[in-house]
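Single-structure report; data block below.
Below, chains carry the letters A, B, ... as their sequence lines are ordered, and counting in each starts from 1.
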Amino acid sequence: MIPRGITVSLPATSLFFPPLPSTKPLHPLTPPHPKKKKSQKALSLRLSLMASKTLTEYERKRLENIKRNDEMIASLMLQRKAADLSSSIKRLKPQIRPLKRHSPEKNNKTPVVIRRSLRARGIPPDAAAKGSPPPPSPPAPPPPSPAKSPSLTIREASSNAPGKDRRLIETVARMCENAPLSPPKRMSSTDGPLDLRSLKLEPEHVARIISGRIMAVQFFPFVDRRVVAVGGKFGNVSFWDVDCGLDGGNDADDDGVYLYGPHTSPVSGISIQPFSLSKVLTSSYDGFIRLMDVEKETFNMLYSGDDAIYSLSQRPLETNVYFGEGQGGLKIWDERAGKVLSSYSLHEKRINTIDFSSCNANLMATSSTDGTACIWDLRKISKHRPGSLRIHQHEKAVHSAYFSPSGSCLATTSIDNRIGILSGDNFMDVSMIRHDNQTGRWLSSFRAIWGWDDSHVFVGNMKRAVDVISTVKKTTTAMESPLMTAIPCRFAAHPYRHGTLASTTSGGQIYMWTST
DNA sequence: TGGGGTATTATCACC
DNA sequence: GGTGATCCATACCCCA
């Protein structure tokens with residue numbers, strides 16, 4: 001039985017090509033053209049519990065972080081009191097450093113339509129379920145003008161009503177308290193396979209939360225809450241707390257959407273580490289990497305360069321930042337030292353994605369407009385002769401290369417209308433799947449992401465659907481909904497809630513599919 | 001061979 | 001429902 005609001009195209013079409021013989025030697029190989037708060041009581045309880053067993057690296061890092069956060073909060077309480085005191089002074093004299101606000105003209109022309117739930121707007125869900133698109137929300141103020149100032153407070157970057165930011169800050173703080181001491185668990189065989197037909201799109205899970213094209217999307221790794229972060233074309237970053245209604249006491253204006261403008265150019269990447277939930281990293285074509293620290297209430301600059309940053313990632317259990325800069329460059333930013341640790345030229349053209357294997361954090365996958373997806377062993381990578389472990393050649397630009405949840409497979413997406421599934425020893429078994437990836441100029445390129453196990457990848461469909469490719473059955477199935485009125489381009493899978501999938505469009509919408 | 005020009009594509013605001 | 005504007009991607013063609 002197919003749930004309401006979803007149409008599944010059956011029978012599925014087998015579109016797999018036979019595995020291709022690899023034409024590239026395994027190793028060593030050089031790329032084609034290398035130039036390229038918690039109370040003290042609770043904390044001590046947690047520590048004593050942890051002392052009773054051997055700590056894993058992950059747990060150790062989490063405890064360190066909690067400890068650091070507590071110290072920080074203690075100091076912040078003092079700072080807050082000082083700030084309260086000085087605020088009365090600020091009202092009497094002008095700001096010493098006024099925030100530069102120079103929003104692009106087009107931003108004023110295209111005001112963001114802040115999401116209002118159907119319930120809040122007094123519209124019965126049935127109306128939307130019948131296929132009629134949600135009525136346009138009243139125009140909201142234009143997105144915040146991004147500032148080039150290295151130091152920026154959350155309030156300065158915010159375009160939310162005064163006081164609204166506090167809700168997001170409090171939510172994140174609460175989630176940090178309940179953060180698990182284990183990393184996201186991938187689906188085990190005992191969980192059983194996810195029934196894709198159980199995925200459905202409800203009217204309250206459709207929202208337009210940003211103006212313009214969504215370039216990047218990421219879930220906060222919260223166990224009990226669905227909060228998604230998106231980065232937009234105008235340098236804006238928006239958060240959607242889908243479960244904000246669970247808190248109770250919220251007024252009708254609390255739509256769970258929080259909008260900020262930390263960048264001046266498109267946001268290319270978002271990274272949130274599970275052991276450091278209050279820190280959100282964003283990268284942009286403006287050459288900046290910003291760190292949104294929810295506890296410090298800042299949006300400070302971490303790194304700035306002359307070249308555009310096209311991709312951003314972090315290794316599991318590590319605070320260093322890996323980012324793709326300029327034409328094929330990869331840099332590693334040492335967060336503790338506050339400087340660039342290493343710089344490599346890995347590709348001929350821009351690096352579109354960087355990803356790390358969950359089973360071996362030394363394995364890094366990159367995808368590039370130069371037509372290749374490469375797997376690198378970070379232990380063997382050198383500045384002068386960066387040699388990749390594996391090169392997967394496409395005919396045209398490659399827009400993503402992501403490791404599967406187990407780390408044993410890699411999915412690549414290229415505008416040559418193929419999706420590659422690499423598996424087996426040294427990723428030498430290759431299946432090429434035909435898929436229309438011609439998004440053109442006005443849409444973000446498609447990037448196939450893995451679901452919650454190694455059996456499915458999700459990718460956009462030019463007919464306003466989500467294509468689900470089974471790597472086992474070698475079939476492609478389209479998930480459709482009348483609520484989906486635009487083409488989904490970029491996706492994120494909730495790390496803890498299996499079956500919760502965020503799909504985003506070039507019109508600023510999010511469609512959040514959920515499993516019942 | 002490299003740089004410049006152009007075609008392609010979807011979405012949204014406005015009429 | 002039609003139309004114009006968008007313009008931060010890419011491939012391809014042509015010409016110097």
query: Does A:Val257 offer a backbone N or O that forms a donor-acceptor pair with the side chain of A:Lys164 under 3.5 Å?
result: yes
query: What integer distance in Å separates A:Arg213:CZ from C:dC8:C1'?
result: 8 Å
- prompt: Distance check: side-chain N/O of A:His399 vs OP1/OP2 of C:dA9, anything under 4.0 Å?
  reply: no
- request: Give the rounded distance in Å between these two atoms: CG of A:Asp416 and P of C:dA9.
  value: 19 Å
statement: Exactly one candidate in A:Thr476, A:Asp467, A:Asn461, A:Thr413 meets side chain to side chain donor-acceptor pair (under 3.5 Å) with A:His435; the answer is A:Asp467
task: Fit a plane to each ring of A:His456 and A:Phe458, take the angle between them on a 0 to 90° scale, and name the class: parallel (under 30°), tilted (30 to 60°) or perpendicular (over 60°).
output: tilted
field: Identified side chain to side chain donor-acceptor pair (under 3.5 Å) counterpart of A:His399 within the set A:Ser368, A:Ser445, A:Ser367
entry: A:Ser445
task: Check every strand shown and say whether A:Gln509 touches a base, only sugar-phosphate, or nothing at a heavy-atom separation below 4.0 Å.
output: sugar-phosphate
message: Is A:Lys396 close enough to C:dA9 that one of its side-chain N or O atoms is under 4.0 Å from OP1 or OP2 there?
response: no
- prompt: If you draw the axis of the six-membered ring of A:Tyr322, does the NZ or CZ of A:Lys331 fall within 45° of it and under 6.0 Å from the ring centre?
  reply: no
field: d(CD, A:Glu348; P, B:dT1) in whole Å
entry: 13 Å
query: Please give, in whole Å, the distance from C:dA9 P to A:Phe446 CZ?
result: 16 Å
field: Distance, rounded to the nearest Å, where A:Arg208 contributes CZ and B:dT11 contributes P
entry: 12 Å
- prompt: Taking the six-membered ring of A:Phe427 as reference, does the NZ or CZ atom of A:Arg390 fall below 6.0 Å from its centre and within a 45° cone about the axis?
  reply: no
query: Between C:dA9 atom P and A:Tyr310 atom OH, what is the distance in whole Å?
result: 7 Å
query: Can you check the A:Met215 CE to C:dT6 P distance for me, whole Å?
result: 18 Å
Taking N or O atoms only and anything under 3.5 Å, show me the protein contacts with nucleotides 4-10 of chain B, one pair per line.
from  : atom 1 : to       : atom 2 : distance (Å)
B:dT9 : O2     : A:Arg441 : N      : 2.0
B:dT9 : N3     : A:Trp442 : NE1    : 3.1
B:dT9 : O4     : A:Trp442 : NE1    : 3.3

message: Holding to side-chain contact (heavy atoms from CB on, under 4.5 Å), I want the full list of residues that pass it with A:Ser444, two or more places apart in sequence or in another chain.
response: A:Arg213, A:Met215, A:Cys489, A:Arg490, A:Ser506
- request: Would you classify A:Thr369 as touching base, sugar-phosphate or nothing, given that sugar-phosphate means primed atoms plus P, OP1 and OP2, and contacts are heavy atoms under 4.0 Å?
  value: sugar-phosphate
query: Within this structure, what is the CZ-to-P distance between A:Phe234 and C:dT6, rounded to whole angstrom?
result: 11 Å
